Amino acid sequence: QIQLVEFGGGLAQTGDSLKLSCEVLGRTFNTYTMGWFRQEAPTKEREFVAAVKWSDGRTAYADSAKGRFAISRDNAKNTVLLEINNLKPEDTAVYYCAATPFPLLDTPALLYTPARWPYWGKGTQVTVSS
């Protein structure tokens, strides 16, 4: 069982950069996949943003995230990072850290399904003003 705690959200302006971090509490294993989702409103589905394999750092991104988002992990600090560059108002959302004990990067289509991720943080709000 692991717990995820997000940090780094807040208010930003268009064009700014922001770095979100997710502290992983508990023991992970090499098969774990760590990810970030975002949710624009409670009535909307959580949208997959990016994922990283805990053991080797391989990454995957949603098409909408390619180019401006960068995910990474720091095994020594048990932390997963999401850097967002050139922020846009449409990036406004609650950003959630997620984890699964399964190597989802081996089956990329499964990354997009929130039900495939059993562990979630409480989320951090990112608001981008124009």
Side-chain angles (χ1 to χ4, degrees):
Q1 191 83 343
I2 63 171
Q3 289 182 301
L4 307 173
V5 182
E6 300 96 339
F7 299 94
L11 182 63
Q13 293 188 332
T14 298
D16 285 352
S17 295
L18 201 62
K19 186 174 284 187
L20 308 180
S21 62
C22 172
E23 184 176 359
V24 182
L25 305 175
R27 185 179 177 186
T28 58
F29 298 91
N30 285 339
T31 59
Y32 267 68
T33 306
M34 310 299 298
W36 286 93
F37 283 71
R38 65 184 182 183
Q39 188 173 21
E40 294 179 11
T43 54
K44 292 195 172 184
E45 274 202 22
R46 291 186 186 184
E47 175 193 16
F48 169 74
V49 176
V52 60
K53 189 172 182 182
W54 192 253
S55 61
D56 61 14
R58 275 192 299 142
T59 59
Y61 295 90
D63 285 344
S64 59
K66 290 178 182 176
R68 295 193 299 117
F69 291 71
I71 189 171
S72 61
R73 92 276 186 250
D74 186 331
N75 296 52
K77 295 182 179 179
N78 259 24
T79 300
V80 181
L81 303 173
L82 182 71
E83 185 167 0
I84 313 171
N85 298 305
N86 190 21
L87 279 160
K88 302 178 179 181
E90 51 263 43
D91 293 323
T92 295
V94 177
Y95 283 74
Y96 293 92
C97 180
T100 173
F102 301 107
L104 290 190
L105 265 74
D106 296 340
T107 316
L110 299 180
L111 292 168
Y112 294 80
T113 306
R116 294 285 182 176
W117 301 78
Y119 303 110
W120 293 87
K122 293 184 178 180
T124 184
Q125 176 73 47
V126 172
T127 303
V128 184
S129 62
S130 57

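Computed from a predicted structure; not experimentally measured.
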Supply the atom-to-atom distance [X] [atom1] to [Y] [atom2], rounded to the nearest 0.5 angstrom.
X   : Y    : atom1 : atom2 : answer
F48 : W36  : CZ    : CH2   : 13.0 Å
M34 : L105 : CE    : CG    : 12.5 Å
D91 : T127 : CG    : OG1   : 11.0 Å
N75 : K77  : CG    : NZ    : 12.0 Å
T14 : E90  : OG1   : CD    : 8.0 Å
R68 : I84  : CZ    : CD1   : 7.5 Å

Discussion item. Is there a side-chain contact between V94 and E6 in this structure, where contact means two heavy atoms from C-beta onward sitting under 4.5 Å apart?
Written reply: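 No, every pair of side-chain atoms sits at 4.5 Å or beyond.
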Worksheet entry | Beyond-backbone contact of P101 with P118, side-chain heavy atoms, under 4.5 angstrom |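 Answer yes - side chains close enough.
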Heavy-atom closest pair, residues [X] and [Y]:
X    : Y   : value
A50  : L82 : CB-CD1, 4.3 Å
I2   : G26 : CG2-C, 4.1 Å
S64  : F69 : O-CE1, 4.4 Å
A65  : V49 : CB-O, 3.5 Å
S130 : P89 : CB-CG, 3.9 Å
S21  : L81 : CB-CD2, 3.5 Å

Can [Y] be reached from [X] by stepping across I, L, V, M, F, W or Y side chains whose heavy atoms are under 4.5 Å apart?
X    : Y    : answer
Y61  : L104 : no
L18  : I71  : yes
W120 : L4   : no
V24  : Y96  : no

Worksheet item: Donor-acceptor pair, E40 side chain versus T92 backbone, under 3.5 Å?
Response: no
Discussion item. Ring-plane angle category for Y119 and Y32, please: parallel below 30°, perpendicular beyond 60°, tilted otherwise.
Written reply: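 It falls in the parallel class, under 30°.
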Discussion item. Does F102, at its CZ atom, have more than 12 non-hydrogen atoms belonging to other residues, nucleotides or ligands within less than 6.0 Å?
Written reply: no
Worksheet item: Above 12 or not: heavy atoms from other molecules or residues under 6.0 Å from CZ of R116?
Response: no
Fill in: Passing option when W54 is tested against V80, T31, T33 for side-chain contact (heavy atoms from CB on, under 4.5 Å)
V80
Worksheet entry | Ring centers of F37, W117 separated by less than 6.0 Å |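 Yes, they do, as the ring centres are separated by less than 6.0 Å.
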Discussion item. I need the single residue from R38, Q125, R46 that forms a side chain to side chain donor-acceptor pair (under 3.5 Å) with Y95. Which is it?
Written reply: R38
Worksheet, complete the sentence: Quick note, disulfide (SG to SG under 2.5 Å) partners involving residues 5-97, not counting sequence neighbours, are C22-C97
